[in-house]
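Have a look at the structure below before the remarks.
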Amino acid sequence: MAGGGGGGEDGDMGFQIAPMVDVVFVLLLFFMAMAGTQTTELELSINLPSQGTAKKDVPTTPIIIDINVDDSVVANGRTFDSPTTKNLVQLQTWLSETIKMFGGKDPVIIRPAMETKQERIIDVLNAAAGAGVTNLTFG
């Protein structure tokens, strides 16, 4: 009668059902909680072109404005204003006329030289903003 304890002769405690019930209960709670957080996909209101209404894509022609080291501003091979002019009225007028003629879809690309002063770049940006340019980038 030595060794009294529970179980059996070889120490097998048998199948424990209580931990299994706990695990199943936790999984059940998890899936019930996640079912309430399910997201529903909404419909996108996109009008796709039909075969008869497809527009021809008109290629855009970028307007390239170069700012040289001597602060001169050149667009399409034409020099605008003098290098000391701050307002760049000629450039602004030319840009606004170009936008009126061809629309504002053509991108305006500003390409300053490496040694260009930031002040001159700001002058060109102000002229572009005054002309109503909305599609602008740096190259």
Side-chain angles (χ1 to χ4, degrees):
M1 302 233 180
E9 293 179 6
D10 51 354
D12 186 20
M13 298 290 289
F15 183 70
Q16 298 292 322
I17 193 75
M20 290 298 290
V21 170
D22 289 343
V23 169
V24 169
F25 183 65
V26 168
L27 285 174
L28 180 67
L29 284 175
F30 173 76
F31 286 115
M32 286 175 54
M34 293 311 292
T37 62
Q38 192 174 33
T39 59
T40 57
E41 294 183 20
L42 301 176
E43 180 180 332
L44 296 175
S45 58
I46 298 175
N47 295 327
L48 297 175
S50 64
Q51 197 172 26
T53 62
K55 287 185 177 180
K56 304 266 192 252
D57 287 334
V58 178
T60 58
T61 305
I63 300 169
I64 299 174
I65 301 173
D66 291 316
I67 306 173
N68 298 324
V69 178
D70 63 348
D71 287 342
S72 61
V73 178
V74 179
N76 290 357
R78 179 178 163 195
T79 304
F80 292 94
D81 300 294
S82 69
T84 58
T85 306
K86 185 160 180 68
N87 292 338
L88 298 173
V89 177
Q90 292 176 356
L91 177 66
Q92 182 175 344
T93 305
W94 180 77
L95 281 172
S96 62
E97 289 173 359
T98 304
I99 289 173
K100 285 178 187 172
M101 254 194 288
F102 300 109
K105 294 190 179 198
D106 293 334
V108 176
I109 302 172
I110 298 175
R111 297 189 310 190
M114 291 298 286
E115 298 83 17
T116 303
K117 299 174 192 168
Q118 290 181 355
E119 182 180 1
R120 192 60 172 174
I121 297 171
I122 298 297
D123 293 341
V124 173
L125 286 172
N126 288 337
V133 173
T134 57
N135 190 2
L136 186 125
T137 188
F138 284 91

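Q16 pairs by the side chain to side chain contact (heavy atoms under 4.5 Å, CB included) definition with M13, P19, not counting sequence neighbours. In this structure T93 satisfies the side-chain hydrogen bond (donor to acceptor under 3.5 Å, both in side chains) test with no other residue, sequence neighbours excluded. For F15, the side chain to side chain contact (heavy atoms under 4.5 Å, CB included) partners are I17, M20, not counting sequence neighbours.
For the pair R120 and V69, the minimum side-chain heavy-atom distance is 4.5 Å or more.
Alongside V89, the hydrophobic cluster contains no other residue (criterion: ILVMFWY side chains under 4.5 Å). Cluster note: M32 groups with L28 through ILVMFWY side-chain heavy atoms spaced under 4.5 Å, whether in direct contact or through intervening members.
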Determine all donor-acceptor pairs shorter than 3.5 Å in which one atom belongs to a side chain in residues 132-139; sequence neighbours excluded.
| from | atom 1 | to | atom 2 | distance (Å) |
| --- | --- | --- | --- | --- |
| N135 | ND2 | K105 | O | 3.3 |

Validation: residues 70-77 side-chain donor-acceptor distances under 3.5 Å, sequence neighbours left out:
| from | atom 1 | to | atom 2 | distance (Å) |
| --- | --- | --- | --- | --- |
| D70 | OD1 | S72 | N | 3.2 |
| D70 | OD1 | S72 | OG | 2.8 |
| S72 | OG | N68 | ND2 | 3.0 |

Table please: side-chain donor-acceptor pairs of residues 121-128 below 3.5 Å, with sequence neighbours left out.
| from | atom 1 | to | atom 2 | distance (Å) |
| --- | --- | --- | --- | --- |
| D123 | OD1 | K86 | NZ | 3.2 |
| N126 | ND2 | I122 | O | 3.3 |

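Among residues at least two apart or in separate chains, there is no salt bridge (charged side-chain N to carboxylate O under 4.0 Å, His left out) pair with a member in residues 13-28. Listed by first then second residue, pairs satisfying ring pair (Phe, Tyr, Trp, His ring centres under 6.0 Å) with a partner in residues 61-87 read F80-W94, not counting sequence neighbours. Sorted by first and then second residue, the salt bridge (charged side-chain N to carboxylate O under 4.0 Å, His left out) pairs involving residues 72-85 (not counting sequence neighbours) form an empty list.
Considering CD1 of I65 and CG of L91, their distance stands at 5.0 Å, rounded to 0.5 Å.
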Under the side-chain contact (heavy atoms from CB on, under 4.5 Å) criterion, do T116 and R111 qualify, and how do the steps go?
-> CA-CA 10 Å; T116 303; R111 297 189 310 190; over 6 Å; no
